[in-house]
Amino acid sequence: HLRRSVDVIDERKVLGRLNRRLNESGVGVMTTAVLATYYPPRRRLTVSYAGHPTGWLFRADTGSWAPLCVPVPPPRKPGLVDLPMGIGFTPTYSRHRFRVSPGDRMLLFTDGVLETISPDDTPFDTRGLETVLNGEAGTCDDIARRLLAALHAHAACDELVHDDVTFLLVEFDDGPPAALWHVFK
């Protein structure tokens with residue numbers, strides 16, 4: 001489904017169709033997801049969540065991180081919004097839009113990052129994440145290494161096996177200049 005949807009511009013439609021497919025499959029699974037689309041010519045980033053933890057956005061001009069979401073007006077019809085997929089409901093999915101600039105960064109992560117538990121049962125949570133993100137600056141590689149080290153230190157172990165612990169950290173740039181051959185490719 002995701003491969004066939006790669007050219008669908010609206011993430012909400014992709015999540016809705018995937019949710020419907022999971023509900024109809026009878027597999028009985030629940031999953032969360034975040035879908036993000038970046039359109040370089042307009043520097044437009046759109047993000048939709050299905051029960052997934054909210055990502056973070058770094059603004060190069062201010063040097064600060066903030067949650068990757070904006071207030072979304074309530075749906076026209078009262079109902080469920082942004083729920084995990086495959087749980088038997090048909091929620092609507094919201095869309096968060098941002099204009100990004102070269103040097104801005106986005107961090108997406110699974111709930112396993114936030115739910116990494118210390119030996120005294122304290123979750124890493126957003127406080128641990130904010131500590132890493134608001135620490136010293138550096139490249140995406142530097143921040144990724146610090147985040148991974150902080151998770152291991154918090155859990156006081158070399159292997160994080162409690163859940164799927166995955167994150168994606170990217171930096172936006174202008175990309176290659178548009179050329180006529182890109183239009184026809």
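One-based numbering along the sequence shown.
The shortest heavy-atom contact between Pro91 and Val81 is CB-N, 4.2 Å. In plain terms, the two heavy atoms of Pro119 and Ala156 that are nearest each other are CG-CB, 3.6 Å. Closest approach of Ile117 and His154 over heavy atoms only: C-CD2, 3.9 Å. Across Arg59 and Val100, no two heavy atoms sit closer than the pair NH1-CA, 3.8 Å. Taking both residues in full, the closest heavy atoms of Met85 and Ala50 are given as CG-CB, 4.0 Å, listed atom of the first, atom of the second, then distance. For Arg105 against Gly138, the heavy-atom pair with the smallest separation is NH1-O, 2.8 Å.
Within the 3.5 Å criterion, the main-chain N or O of Thr166 finds a donor-acceptor partner in the side chain of Thr110. Using modelled atom types, no side-chain atom of Asp82 and backbone atom of Gly51 make a donor-acceptor pair closer than 3.5 Å. Listed for the Asn23 side chain is a donor-acceptor partner under 3.5 Å among the backbone atoms of Phe89.
Using a 4.5 Å heavy-atom threshold, the side chains of Pro102 and Phe172 count as separate. Contact check for Leu133 versus Leu107: side-chain heavy atoms found under the 4.5 Å cut-off. Contact annotation: the side chain of Tyr93 never approaches that of Tyr49 to less than 4.5 Å [non-hydrogen atoms, C-beta and beyond]. By the 4.5 Å heavy-atom criterion applied to side chains, Ile143 and Leu169 are counted as neighbours. Side-chain contact between Leu148 and Val165 is absent, with no heavy-atom pair separated by less than 4.5 Å. Between Leu45 and Tyr39, the closest side-chain pair of non-hydrogen atoms is not below 4.5 Å. Using a 4.5 Å cut-off on side-chain heavy atoms (C-beta onward), Asn19 and Ile87 make no contact. In this structure, Trp56 and Leu129 have side chains that are in contact, with non-hydrogen atoms separated by less than 4.5 Å.
Transitive grouping of hydrophobic side chains (ILVMFWY, heavy atoms separated by less than 4.5 Å) keeps Leu35 and Leu168 in distinct clusters. In this structure, Tyr38 is a member of the same hydrophobic cluster as Val47, with clusters built from ILVMFWY side-chain heavy atoms closer than 4.5 Å. Clustering ILVMFWY residues whenever any of their side-chain heavy atoms sit less than 4.5 angstrom apart, transitively, puts Val27 in the very cluster that holds Leu22. The hydrophobic cluster containing Val132 also contains Phe167, counting ILVMFWY residues as joined when their side-chain heavy atoms lie under 4.5 angstrom apart, directly or transitively.
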- Decide side chain to side chain contact (heavy atoms under 4.5 Å, CB included) for Thr116 and Leu160; before the verdict, give the C-alpha distance in whole Å, the side-chain angles of both, and the deciding distance to 0.1 Å. CA-CA 8 Å; Thr116 299; Leu160 302 171; 4.1 Å; yes

- Message: Applying side chain to side chain contact (heavy atoms under 4.5 Å, CB included) to Phe109 and Leu114, what does each step give before you reach the verdict?
- Response: CA-CA 8 Å; Phe109 46 89; Leu114 301 178; 3.7 Å; yes

- Under the side-chain hydrogen bond (donor to acceptor under 3.5 Å, both in side chains) criterion, do Thr139 and Asp141 qualify, and how do the steps go? CA-CA 5 Å; Thr139 66; Asp141 285 342; 5.0 Å; no

- Item | side chain to side chain contact (heavy atoms under 4.5 Å, CB included) evaluation trace for Glu11 with Thr37 | CA-CA 8 Å; Glu11 302 86 8; Thr37 302; 2.5 Å; yes

- Query: Does the pair Met106 and Phe58 meet the rule for a side chain to side chain contact (heavy atoms under 4.5 Å, CB included), with working shown?
  - Reply: CA-CA 6 Å; Met106 174 179 70; Phe58 173 80; over 6 Å; no

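The structure places OG1 of Thr31 at 8.0 Å from NE2 of His52, a figure rounded to the nearest 0.5 Å. With rounding to the nearest 0.5 angstrom, the OG atom of Ser5 is 9.5 Å from the CG atom of Leu15. From Leu68, atom CG reaches atom CG of Leu108 across 6.5 Å, with rounding to the nearest 0.5 Å. A distance of 5.0 Å separates NE2 in His1 from CG in Leu18, rounded to the nearest 0.5 Å. If you take CH2 on Trp65 and CG on Asp104, they are separated by 9.5 Å, rounding to the nearest 0.5 Å. Interatomic distance, CG of Leu83 versus OG1 of Thr32, reported as 12.0 Å (0.5 Å rounding).
Within a 6.0 Å sphere centred on CG of Asp158, other residues, nucleotides and ligands contribute 12 heavy atoms or fewer.
Between Arg12 and Asp10 there is a salt bridge, since at least one side-chain N of the basic residue sits less than 4.0 Å from a carboxylate O of the acidic one.
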